[in-house]
Each structure stands twice: as C-alpha cells, then as structure tokens.
Amino acid sequence: MRKAEKSAKPFKKSVQQSRIKKKTEVDYYDFSLVVVIVLLTCFGLIMLYSTSSYMAQIDHSDDMYYFKKQAVISVASIIGALAISKCDYHILSYVKGYLYVAAMILMILVQSPLGRGANGARRWLKLGPIQFQPAELAKIAVIVCIPYMIVAMGKQIKTLKACMVLGLVGVSLAFVAYVFTENLSTAIIIFGITVGLIFVAHPDTKIFVLGFTVGVFLILGFVFFLSKTMSVSNTGSFRLRRILVWLHPEDFAAGDGYQTLQALYAIGSGGFFGRGLGNSIQKLGSVPEAQNDMIFSIICEELGIFGGVIALLLFAYLLYRLFFIAQNAPDLLGTLMVTGIFIHISLQVVLNIAVVLNLIPNTGITLPFISYGGTSVLFLMAEMGLALSVSRQIKFQESGPLI
C-alpha cells in the first residue's frame, strides 16, 4: 500500500506541472511584410500600365513596353528578396567594406566611357548587357556600413569624434553621388539615412533638434535671399532655377513650371473618386515622363483622393512592419539596419509626394515600388530581403497549452 502511494506522488506532481503554462521559443517570419510588398508591387504595376500605355504605344509601338520590363524585374526581385531573407544578415560583416568601396568606385565610373546619360542626366553605368544606377547601391552601402560602425563604437558613439567619423562616411557617399552621378536626390537620401541612424544611436537628442532647427532657418533664409536677388533668366544653374520656378510655377507655365502645373491639374481634376482607372487625360503627354516621379499625380487623377489615400495607407503599413521588426530585432545591428531601411523608404515617399504637390522643388525622386525603374525596384527588394532576414531571427515566447 505504501509503495503504491509513493508511485502516485510523482504522477500527481507531473500533472500539476503540466497545468502550468509552459513558455517555449518560437521562430518568427514577417509574412505581413511580404504581403504588403506584393500588394504595393501589384498596385504599382497596374498604375504603371495605366500611366504609360499611351506613350509606350507612341514611342515603342507596344503599349506594354514599360509594364513588361517592370513586371519581369519585380517578380525576379521578389524571389530574390525571399532568397536573401533565408540568409543570416550577420554575414554582411565580411563584405561591408567591399560594398562601400564598390559603391564609391561604380559611381565614379559613371563619368567614364562606361557611363550613360538620359534626359539630360548622366546617372547610369553600362557593364556588358547590364545597365543600372550605381547610386542605388550607395543607399544599401550606407544602410549596412553605418550600423556596423555604430555597434563597433559602442559607448563611444556619445563622443563628438565618433559622430564626425560616422558623418564623414555617409557624407562622402552623398558627395560622390552628387558630383559623379549628378544625383542630388540620392545625395539627400544618403545624408538623411546617415543623420537618422546617428540620431537613433546617440543618447542626446537636443543636439539634433537644435541642428534641425538651425538647418530649417538657414534653408528658408537662403530661399528668401534667392527669391529677392535672382531670377530664372539670369541664373545658369538648373537647380537654382528649379527653386525659383517652385516659388511661382504659374509664371513659367510654358517652360520649367509646366510639369508641376500639369501634375497639379491632374490631382485637382480627379476629385474624390477620380475619373476611373485608365481614364486619365494628363497622361496623354501633358505630364512628361508620368510613369516616373510624377506617377502619384496620375493615381490621384484616375482613382481620386481615395486612391491616393489607399496608396499612402499601404506605405504606412509597410513602415509599421519595418518599425515592428526594428523594435523586436535580436540585436542592435538588426535594429539599426532595419531603421536605416525605414528612414530610406519614408524619406523617399515623403519627398516624392511633396514634389508632386509642389511643397518642395522638383528633385526627381521616384515613388518606391510604383514608379518605373528596374534599378530602384531591384535594390528596394534587396532591402526588403534584409529586413525579412532580421525578422527571421526574432524569438517570441509562446505559452504552451493547458492539460
């Protein structure tokens, strides 16, 4: 009898333990991010075909000319992003230096015989059958290299010397992008990513708030000075001319202000629900190169404010997923890399829409995943693959079932 009682005690104890919720680690993969990437890509392809079909038929005798090229690159890039997501992002430690140097060299080569120009800008590099914009690689280089440097510096990030070194690394890339690829928009984005990452890593935010405030006042002062002392006719710089045209585009409706005004007309004529998909009038040549940086104006014309808001909500959810991954990343390196991607996407979306609405001068920044451009899609998907790679290493505690 006593022997039976003894054997029953361990059984009772095991039953009691099984009633307690057991917590186990489970692997995570951000399928929500994959879904929103696919949705944005599909939305972009639909709008690209609608926007570009008329001019593609006239210029290339194929209304699907731009659509087919973008669709092939988009599908291949999504597959590539999923493949990258299966790799451990820590392997980038072996190539981060090579990535930075390669971005520098390739941008400098744009001014060599290998460089190619289009629409008055020399930004492309042709290596055999491949033609791409090396400035896009520079964005990934800064997103990868700056986080590694911040992690290596540790507590030294609080010092002025460390911030200056990080700033020099990012500004050097931005400077080369501006000088050798004549790409001010990319230089602005690289600079913004650099400052944003230092801001996130640095414990003292007051310095950055002060610097931002001073910068805004200096820019406003420069614009005011420019408007009072110069005119479009007596300036030889097309960038200064863009600023002057931005202030009063209606005065240059037949010249430099034409594209901006036509984009505003497109948005205004769309109303709340738009003219209907495929029924844009401004895409019939009124908005030059509408499939590029001005595609948001055609979205608003065909789908109205409603369609524009839907596009913005998709971007907002994409940024939310990136924020979620950055917050839950397994280490500081993963957090900073995904933060760099977050800064890149948000900057590009905000600046593109600000240009279309004439809130800032025209900079030629494309709308991510939607504007036409194979290089842009390819490197954006590489960034998404990197973010998914970080998400794969997130570990959550899951409660076991009650018995």
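This structure is a prediction, so every number in the text was calculated from the model and none was measured.
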Report task. Measure centre to centre between the rings of Tyr317 and Phe315, then say whether the value is under 6.0 Å. Result -> no

Query raised in the report: Pairs in or reaching into residues 338-379: which pass ring-ring contact (aromatic ring centres under 6.0 Å, His included), with residues at least two apart or in two chains?
Result: Tyr66-Tyr372

**Report entry** Contacts of type ring-ring contact (aromatic ring centres under 6.0 Å, His included), residue Phe273, not counting sequence neighbours
**Finding:** Phe306

Requested in this report: Sequence neighbours left out, what passes ring-ring contact (aromatic ring centres under 6.0 Å, His included) with His90? Give chain and number order.
Outcome: none

Query raised in the report: For Phe43, does the CZ atom sit with more than 12 other heavy atoms under 6.0 Å from it, leaving out its own atoms?
Result: yes

Report task. Please answer whether the main-chain N or O of Gly385 pairs with a side-chain N or O of Ser85 as donor and acceptor at a distance below 3.5 Å. Result -> no

Requested in this report: Indicate yes or no for a side-chain donor-acceptor contact from Tyr100 to the backbone of Val169 under 3.5 Å, with no hydrogens or angles considered.
Outcome: yes

Query raised in the report: Would you say the side-chain atoms of Tyr28 and Asn328 include a donor-acceptor pair closer than 3.5 Å?
Result: no

**Report entry** Over all atoms of both residues, closest heavy-atom pair of Leu322 and Ala387
**Finding:** CD2-CB, 3.7 Å

Query raised in the report: Could you give all pairs that pass the side chain to side chain donor-acceptor pair (under 3.5 Å) test and reach residues 215-224, with sequence neighbours left out?
Result: none

**Report entry** Under the salt bridge (Lys or Arg N to Asp or Glu O under 4.0 Å) test, residues paired with Asp331 that sit two or more places apart
**Finding:** none

Query - Value rounded to 0.5 Å, distance of CD1 in Ile267 from CD1 in Ile298 - result: 9.0 Å

Query raised in the report: Which salt bridge (charged side-chain N to carboxylate O under 4.0 Å, His left out) pairs, counting each pair once, include a residue from residues 294-308, with sequence neighbours left out?
Result: Arg275-Glu301, Lys283-Glu302

**Report entry** Residue list, ring-ring contact (aromatic ring centres under 6.0 Å, His included) with Tyr65, at least two apart or on another chain
**Finding:** His60

Query raised in the report: So which pairs with a foot in residues 311-322 pass salt bridge (charged side-chain N to carboxylate O under 4.0 Å, His left out), sequence neighbours left out?
Result: Asp30-Arg321

Report task. Mind jotting down which residue pairs meet the salt bridge (charged side-chain N to carboxylate O under 4.0 Å, His left out) criterion with at least one end in residues 93-108? Sequence neighbours excluded, please. Result -> none

Report summary line: Minimal heavy-atom distance between Leu197 and Pro147, with the atoms involved, is CD1-CD, 4.0 Å

Report task. Return each pair, listed once, that meets side chain to side chain donor-acceptor pair (under 3.5 Å) where at least one residue sits in residues 359-369; pairs must be two or more places apart or across chains. Result -> Gln259-Asn362, Gln348-Thr366

Report task. Can you sort out the partners of Tyr178 under ring-ring contact (aromatic ring centres under 6.0 Å, His included), two or more places apart, ordered by chain and number? Result -> none

**Report entry** Pair Ile146-Leu336, side-chain contact (heavy atoms from CB on, under 4.5 Å): steps then yes or no
**Finding:** CA-CA 8 Å; Ile146 297 292; Leu336 290 173; over 6 Å; no

Query raised in the report: Pairs in or reaching into residues 147-172: which pass salt bridge (charged side-chain N to carboxylate O under 4.0 Å, His left out), with residues at least two apart or in two chains?
Result: none

Requested in this report: Measure across Met294 and Ala263 and return the closest heavy-atom pair with its distance rounded to 0.1 Å.
Outcome: SD-CB, 3.7 Å

Requested in this report: Could you go through the side-chain contact (heavy atoms from CB on, under 4.5 Å) check for Met384 and Ile345 one step at a time?
Outcome: CA-CA 10 Å; Met384 295 300 104; Ile345 301 296; 4.3 Å; yes

Query raised in the report: Is it true that Lys68 and Asp62 have a side-chain N and a carboxylate O under 4.0 angstrom from each other?
Result: yes

Query raised in the report: Hey, what do you get for CD1 (Ile108) to CG (Leu125), rounding to the nearest 0.5 Å?
Result: 11.5 Å

